[in-house]
There are 2 protein chains.
Amino acid sequence: MSLRHALLALLDAGAMTGYELAKQFDVSVAYLWHAPHSQIYPELRRMEADGLIEAEALPRGERGTKRAYSLTVAGAAELMRWVAETETSPPVRDPAYLKATYYEYGSFDQARRQFREHRDHHRAIMEHWQRHIARLQRRDTPLLQKRLSLAPAAAHEAIVAYKVHAYEGLVERARAEVAWAERGLSLIDRLEHNSAVPPDAPATLPQVLTGGTE
Amino acid sequence: MSLRHALLALLDAGAMTGYELAKQFDVSVAYLWHAPHSQIYPELRRMEADGLIEAEALPRGERGTKRAYSLTVAGAAELMRWVAETETSPPVRDPAYLKATYYEYGSFDQARRQFREHRDHHRAIMEHWQRHIARLQRRDTPLLQKRLSLAPAAAHEAIVAYKVHAYEGLVERARAEVAWAERGLSLIDRLEHNSAVPPDAPATLPQVLTGGTE
DNA sequence: TTACTCATGTAAGTAGTTACATGATTCC
DNA sequence: GGAATCATGTAACTACTTACATGAGTAA
């Protein structure tokens, strides 16, 4: 249930509406924890019901109201409890690697296309994270500044360092994915070179299709 | 919906019962795609309803029956369609990295404990994968042997190479996780050295807890 | 006879996805 | 007047988790 804790952490930087929280998920937390607004609004209601946050109704325009949420003491305690608790790794479930295990049912060209997309995707998010790290080190994201302004000066180094360390880990991970995809592309070149199979034909077919029945 | 495709791929190696499929998830596919039997049985029923697999009722003991599933032509086609289709990366959702971003709400000791567990976990699964790679290279897992016996000799190299490549990628990934955790441990040593905060006290508290209101 | 493995499920709940829906405000 | 953005939801669905449940066969 990390969505809940991501929201608690965001709210410690200051009261926010559901909309603003959803925005933060798109900019700062994005690529680290994804959540659409359709998941955020009901979760905020549940958290309010559980006493972890409280809402203040603010006017918007002439008629409308918006609800700004802030942490309660119970919410702050829950945040600290979560941070202290050791995280058990979720079970592995990786669609790209699973599929890569069965590329023999596809052609060289198809496998190549997938490795290229994998490489490009991870390159792109790696650059995103690197830019984020640079901003964190310059301490110039709005959220980080708010957080630092509320924390004792003695804690500033740790606050920044933990975030930089996490994003650096993600960059390393993305780098590993890019390298994996590139090794995959070389592998295909090698296999293709040793093979009489044309580049657009599968290496093998599922058993039921080889009987020549129909 | 990769569970479905993992099952299709397993069934191409030969007809299996739900129980045997669940076992395969625990040995060969495990640590690559996790699925409990409570998810497998109903999925098999749905796949049968969709015409991707068909069941043969076999006697077991005096009274009971078991159902051995095998691929239909439609199932084989679906397997090939899935392999050809490019996989879009699932949105990032990593509880360990998310939490690592907020370690300032915990003590040095707590952060250290988490990095140690992270390192130990990934070391363990790395060794598991490495053993699996060795078995694949020796071509001595039952599933691989069955698969090779059904495929043309020209495809054998690719079948083994794709699997080895996928598991090698997972090993590299685990290695990156271990390195990340170890850098995390050094970071904590460094922060602790520069800090007056005792090792069992949080670096900072959520805002609502600092007012002195209790 | 006890324990283990084989074998197959259900049921209740949580988390996340995708799509639909509505209306206000602000800027051009 | 129209488009973008602010703002807040619901509804239906799929995927996955955790726990409960049952019974048969087999080897010590």
Side-chain angles (χ1 to χ4, degrees), chain A residues 1-8 15-27 29-50 52-53 55-69 82 87-95 98, chain B residues 1-7 15-27 29-30 32-50 52-53 55-69 82 87-95 98:
Chain A
M1 233 205 316
S2 289
L3 169 59
R4 168 164 296 207
H5 299 104
L7 291 168
L8 289 173
M16 270 185 258
T17 66
Y19 185 81
E20 286 166 329
L21 286 162
K23 279 283 134 113
Q24 286 304 321
F25 267 84
D26 287 348
V27 293
V29 198
Y31 295 109
L32 174 55
W33 194 277
H34 168 80
H37 76 273
S38 65
Q39 208 187 346
I40 291 173
Y41 285 113
E43 182 62 26
L44 288 169
R45 294 296 177 139
R46 277 192 291 270
M47 290 165 72
E48 193 184 4
D50 293 346
L52 302 177
I53 56 177
E56 189 192 359
L58 298 175
R60 53 178 290 257
E62 299 291 297
R63 278 175 287 290
T65 42
K66 55 183 180 180
R67 301 162 61 78
Y69 291 97
W82 170 70
E87 207 52 55
T88 61
S89 296
V92 188
R93 232 177 244 119
D94 192 306
L98 177 66
Chain B
M1 234 203 316
S2 290
L3 169 59
R4 167 164 295 207
H5 300 104
L7 291 169
M16 271 185 256
T17 66
Y19 185 81
E20 287 165 328
L21 286 161
K23 277 284 135 110
Q24 287 304 323
F25 267 85
D26 287 350
V27 293
V29 199
L32 174 57
W33 195 276
H34 168 80
H37 76 273
S38 64
Q39 208 188 345
I40 291 173
Y41 284 113
E43 182 61 26
L44 287 169
R45 293 296 178 141
R46 277 190 294 269
M47 289 165 72
E48 193 185 3
D50 293 346
L52 303 177
I53 57 177
E56 188 192 1
L58 299 174
R60 54 179 289 259
E62 298 293 298
R63 277 174 288 290
T65 41
K66 55 182 180 181
R67 301 163 60 78
Y69 292 98
W82 170 71
E87 209 49 59
T88 60
S89 297
V92 187
R93 231 178 246 117
D94 192 306
L98 177 67

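Below, chain A is the first sequence line, B the second, and so on; all start at residue 1. Because the structure is a prediction, the values reported are computed rather than measured.
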Inset, instruction - Could you tell me which non-hydrogen atom of B:L98 sits nearest to which non-hydrogen atom of A:A6, and how far apart they are? - result: CD2-CB, 4.0 Å
Inset, instruction - Take the C1' atoms of the five end pairs on each side of the helix from C:dT1-D:dA28 to C:dC28-D:dG1, derive the two axes, and give their angle rounded to 10 degrees. - result: 20°
Inset, instruction - Provide, to the nearest angstrom, the distance between the CG atom belonging to B:L44 and the P atom belonging to C:dT8. - result: 9 Å
Legend entry - Between D:dT8 (P) and A:E48 (CD): distance, integer Å: 12 Å
Inset, instruction - Look up atom CD1 in B:I53 and atom CG in B:L7, then write down how far apart they are to the nearest 0.5 Å. - result: 7.5 Å
Could you pull out the protein-nucleic contacts involving nucleotides 4-6 of chain D (nitrogen or oxygen on both sides, under 3.5 Å)?
unit_1, atom_1, unit_2, atom_2, d
D:dC6, OP2, A:Y19, OH, 2.5
D:dC6, OP2, A:K23, NZ, 3.1
D:dC6, O2, A:R60, NH2, 3.4

Pairwise N/O distances under 3.5 Å, protein to nucleotides 15-17 of chain D:
unit_1, atom_1, unit_2, atom_2, d
D:dC16, OP2, B:Q39, NE2, 2.7
D:dC16, O5', B:Q39, NE2, 3.4
D:dC16, O3', A:R93, NH1, 3.2
D:dC16, O3', A:R93, NH2, 3.3
D:dT17, OP1, A:R93, NH2, 3.3
D:dT17, OP2, A:R93, NH2, 2.9

Inset, instruction - Tell me, please, which residues at least two apart from B:E20 pass side-chain contact (heavy atoms from CB on, under 4.5 Å). - result: B:M16, B:T17
Inset, instruction - Report which part of the nucleic acid A:R45 touches: base, sugar-phosphate, or nothing (heavy-atom distance under 4.0 Å, all strands). - result: sugar-phosphate
Legend entry - Under the side-chain contact (heavy atoms from CB on, under 4.5 Å) test, residues paired with A:P90 that sit two or more places apart: B:P95
Inset, instruction - Scan for salt bridge (Lys or Arg N to Asp or Glu O under 4.0 Å) pairs involving residues 41-50 of chain B, sequence neighbours excluded, and state none if there are none. - result: B:R4-B:E43, B:R4-B:D50, B:E43-B:R46, B:E48-B:R67
Inset, instruction - Identify, with sequence neighbours excluded, every residue that meets side-chain hydrogen bond (donor to acceptor under 3.5 Å, both in side chains) alongside B:H37. - result: none
Inset, instruction - Specify the closest pair of heavy atoms between A:W82 and A:S2, including all atoms of both residues, with the distance to one decimal. - result: NE1-OG, 4.2 Å
Legend entry - Nucleotide D:dT8, atom C1' - distance to CE of A:M16 in whole Å: 17 Å
Legend entry - Under the ring-ring contact (aromatic ring centres under 6.0 Å, His included) test, residues paired with B:W33 that sit two or more places apart: none
Legend entry - Set of residues satisfying side-chain hydrogen bond (donor to acceptor under 3.5 Å, both in side chains) with respect to A:S38, sequence neighbours excluded: none
Inset, instruction - Measure the distance from NE2 on B:H37 to P on D:dG23 and round it to the nearest whole Å. - result: 16 Å
Inset, instruction - For D:dT8, take OP1 and OP2 only and decide whether either is under 4.0 Å from a side-chain N or O of A:Y41. - result: yes
Legend entry - Interatomic distance where CZ belongs to B:R67 and P belongs to C:dG9 [whole Å]: 7 Å
Legend entry - Protein-nucleotide distance (A:I40, atom CD1; D:dT8, atom P), rounded to Å: 11 Å
Legend entry - Inter-residue atom distance A:D26.CG - A:H34.NE2, 0.5 Å rounding: 8.0 Å
Legend entry - A:L3 side, atom CG; A:L8 side, atom CG - distance, nearest 0.5 Å: 9.5 Å
